[in-house]
Number of protein chains: 2
Amino acid sequence: MKEEKLLRKILEDNHLRITKTRLFIFNLLQNNEPQSIAELVDRSTTKVDRVSVYRILDLYEKLGIIKRINIGWKYKLELSDIFLDHHHHISCIGCGHMVAIKEEEELEDLIDNLGKAAEFVLTSHQLELQGYCAKCQKRQKKQSAQPLRAI
Amino acid sequence: MKEEKLLRKILEDNHLRITKTRLFIFNLLQNNEPQSIAELVDRSTTKVDRVSVYRILDLYEKLGIIKRINIGWKYKLELSDIFLDHHHHISCIGCGHMVAIKEEEELEDLIDNLGKAAEFVLTSHQLELQGYCAKCQKRQKKQSAQPLRAI
DNA sequence: AATGTATTGCAATTTTGTTGCAATAATATA
DNA sequence: TATATTATTGCAACAAAATTGCAATACATT
Ligand SMILES: [Mn+2]
Ligand SMILES: [Mn+2]
Ligand SMILES: [Zn+2]
Ligand SMILES: [Zn+2]
C-alpha cells in the first residue's frame, strides 16, 4: 500500500482531507486499466454520487495524481487516408495551431515493431504531440520579461 | 475538385444521395484543420441543423470518408507518472484488453526530434495503438473457419 | 414534370456535465 | 474523548451534448 501513502501525503501537503470517497476513487484508479469517466461513475454508483466523482477527478487532475490519455480535446475529425496521406500532428497549446507531421518511415517501423513485440496485429494508431510553437515561444519570452503590473 | 469527385463516387456506389448538406460538411472537412464536432456544428449553423451534422458525420465515418484522431474513447484516466512510469498503450479492439508499452528510448528520441523539426517545445505526447491481441487472433481464425449458418 | 423514397429539420428526450446549497464527515484543539 | 470548525459530500436544479421519432422536403429515377 505504498501508493496510498503517497496519495495521503499529497492530500495532506495541500491541506485537503483524506476521505472515504477520495480513497475509494483512488482505489478504482489503481485497480483498473485506464478508464473513462463513465466507467468510473459506473463503478462508483451506490458508493459515491456522480457529482463527487467528477469533483474528485477534477481535483486529482489538478494535483497531478491522474492524467488524461488523449488530452486537449475529446477527438477531432479529419478526412481519412483515402483523401489524405497517413500523418500525425503537433498542436500548440498556446494558440491552438496544428501542424501535420508527414509520414516518417522510421517512426512507422518502430510502431510496427511495438505491435509485434506484444503479439498484436495492428489496425491503427495515433500519435499526437503538444507543445509551444515558435511564435508562442517568442511571445512567452517577451511577456515574462515584462515587469509585473501592480494591481 | 478531385476530392469531391471521389466523395460523389463513394456516395453513388453506396446508393446514397448527393445532397447540398453532405457537400457542405465535406467542404468544411476539406478546408479546415482537424475539427471537433462542436466546431463543425458551429461552422454549419444557419446552413445545417445540428442533428444533420451528427448524422452526416456518423455516415462519413461508416463510409471511411473521415476518421477520428484519438479513436475508441473520448479519453481515459490513469494515474500519472508520479505513480506510473511514462508509457503508452496497445488496446485490443476485439476484447478491449489494454497492454502497457514500457518506455522505449528510441521512440521517445524520435518524438523529440519531430518536435525540434517543427520548432516546437514539446510538453506532452500520446501514442496509442489498436489491433487484435493474440487470443482474439486465434478466436477470429476459428470463427472464420466455421461454415455460415443459414438464417 | 411526376413519383417514390432517402434525407433533413424540428420537437421531444436522454445522457453527460455543472452549480448552489444544506447536511455530513473529517480534522484541530480543548 | 468530546466539541467546534469547516471542507466535503449528496441532492436538486440546471445547462450542454447527443439521440430518436416523425412529418416536411429534396433528390434521383422514370
Ligand atoms: Mn491531419
Ligand atoms: Mn497505462
Ligand atoms: Zn502557438
Ligand atoms: Zn483481444
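So you know, we letter chains A, B, ... as the sequences are listed, proteins then strands, and number each from 1. Quick caveat: nothing in here was measured; it's all calculated off a predicted structure.
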Would you mind reading off the distance between A/D58 atom CG and C/dT19 atom C1', rounded to a whole angstrom?
13 Å

Looking at D/dT8, does its base get a donor-acceptor pair with the side chain of A/R22 below 3.5 Å?
no

Checking D/dC27, C/dT19, D/dT19 against the side chain of B/Y54 (C-beta onward), the nearest is D/dT19

Protein-nucleotide distance (A/L40, atom CG; C/dG17, atom C1'), rounded to Å
15 Å

Does either side chain, that of A/H125 or that of B/H88, offer a donor lying less than 3.5 Å from an acceptor on the other one?
no

Rounded to whole angstrom units, what separation is found between the CG atom of A/L63 and the P atom of D/dT8?
10 Å

Sugar-phosphate only, base, or nothing, as touched by A/V48 at under 4.0 Å among non-hydrogen atoms
sugar-phosphate

Interatomic distance, B/K47 NZ vs C/dT8 P [rounded to whole Å]:
15 Å

Nearest to the side chain of A/T21, heavy atoms from C-beta on, is which of C/dC10, D/dG10, C/dT7?
D/dG10

Looking only at side-chain N and O atoms, does B/T19 come under 4.0 Å of OP1 or OP2 in D/dA26?
no

Atom CD1 of B/I56 and atom P of D/dC27: how far apart are they, to the nearest Å?
12 Å

Send over the distance from A/L23 CG to C/dA26 C1', rounded to a whole Å.
12 Å

Looking at the base of D/dT8, is there any donor atom on it, or on the side chain of A/R55, that sits under 3.5 Å from an acceptor on the other one?
no

Do the side-chain N and O atoms of A/N27 and A/N31 include a donor-acceptor pair separated by under 3.5 angstrom?
yes

In whole angstroms, how far is the C1' atom of C/dT27 from the CG atom of A/D13?
16 Å

What's the separation between atom CD in A/Q137 and atom OH in A/Y132, rounded to the nearest 0.5 Å?
10.0 Å

I want to verify a distance call: between D/dA12, D/dC27, D/dA7, whose nearest atom is closest to the B/R17 side chain?
D/dC27

Of the options C/dC10, D/dG10, C/dT27, whose atoms approach the side-chain atoms of A/I18 most closely?
C/dT27

Within the pair A/R50 and C/dG17, is there a side-chain N or O less than 4.0 Å away from OP1 or OP2?
no

note: B/D42, atom CG; D/dA17, atom C1'; distance rounded to Å ~ 13 Å

Compute whether any side-chain donor of one residue and acceptor of the other, for A/Q130 and B/Q126, lie under 3.5 angstrom apart.
yes

Distance in Å, B/L127 CG paired with B/H87 NE2, rounded so as to fall on 0.5 Å steps:
11.5 Å

